[in-house]
Amino acid sequence: MHSAAADGDHSACPLRAADVERVIAIDRAHTGRSRSRFFEKRFAAAAARPHDFIAIGIRHGDALSGYAIARILHGEFGREQAVAVLDAVGVEPHARERGVGRALIDGLIAALDRMGVGSLTSQAAWNNHELLRFFAASGFALAPRLVLERSLAEPLYEGSEEV
């Protein structure tokens with residue numbers, strides 16, 4: 001059987017509101033858990049503020065085989081030019097290694113370029129080697145900044161009370 005996915009015939013198109021369940025299912029196949037609330041909120045925000053989000057997919061026929069969702073930040077972190085943050089990307093397991101992910105990134109970059117966005121950033125867990133390999137193959141590199149995190153559940157140790 002010869003499919004469009006095997007041919008590399010991929011073109012990005014905007015995600016539709018009806019795609020949210022399919023996006024959730026693709027994400028669940030990778031993460032092992034449902035992040036339905038996250039995706040429902042992202043779809044709602046993208047519908048309410050379309051100039052602040054890019055949400056694209058790759059379809060084969062009517063079936064969604066991959067998605068990418070990015071939000072656009074204007075002026076954050078002291079930057080003058082808009083920056084996009086890739087919040088989520090996923091490819092249907094049977095469509096992996098067939099160029100769908102690359103087509104998503106290429107489609108996302110083309111759309112962002114048309115909007116005058118200067119860069120695309122994302123985050124990944126340091127031990128998610130598969131995602132890190134995908135990002136590296138897609139032209140991402142380490143950013144020149146350090147992400148810091150602090151638990152809010154633990155009180156800050158203030159040391160001795162001596163002054």
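Throughout, residue positions are numbered sequentially from 1 according to the sequence presented. All values derive from a computational prediction rather than experimental measurement.
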Indicate yes or no: does [X] engage [Y] in a salt bridge with an N to O separation below 4.0 Å.
X: Asp27; Y: Arg42; result: no
X: Asp87; Y: Lys41; result: no
X: Arg71; Y: Asp52; result: no

Counting only N and O atoms by type, is there a donor-acceptor contact under 3.5 Å from the side chain of [X] to the main-chain atoms of [Y]?
X: Thr121; Y: Val85; value: no
X: Ser65; Y: His60; value: no
X: Ser151; Y: Ala153; value: yes
X: His30; Y: Val91; value: yes

Quick one: do [X] and [Y] end up in the same hydrophobic cluster if we chain Ile, Leu, Val, Met, Phe, Trp and Tyr together by side-chain heavy atoms under 4.5 Å apart?
X: Ile54; Y: Val89; result: yes
X: Met115; Y: Leu86; result: yes
X: Val100; Y: Phe135; result: yes
X: Ile26; Y: Phe38; result: yes

[Y] and [X], any side-chain heavy atoms less than 4.5 Å apart:
X: Phe53; Y: Phe43; answer: no
X: Ile58; Y: Leu64; answer: no
X: Ile72; Y: Arg49; answer: no
X: Val20; Y: Glu40; answer: yes
X: Phe39; Y: Ile69; answer: yes

Might you point out which heavy atoms bring [X] and [Y] nearest each other, and give the distance in Å?
X: Gly116; Y: Gln81; answer: O-NE2, 3.3 Å
X: Ile56; Y: Ala12; answer: CD1-CB, 3.8 Å
X: Pro155; Y: Arg150; answer: C-NH2, 3.8 Å
X: Arg59; Y: Cys13; answer: NE-SG, 3.5 Å
X: Ala82; Y: His74; answer: CB-ND1, 3.8 Å

Donor-acceptor contacts, no H, no angles, side chain residues 101-114, under 3.5 Å, sequence neighbours left out:
| unit_1 | atom_1 | unit_2 | atom_2 | d |
| --- | --- | --- | --- | --- |
| Arg102 | NE | Asp106 | OD1 | 3.2 |
| Arg102 | NH1 | Ala137 | O | 2.9 |

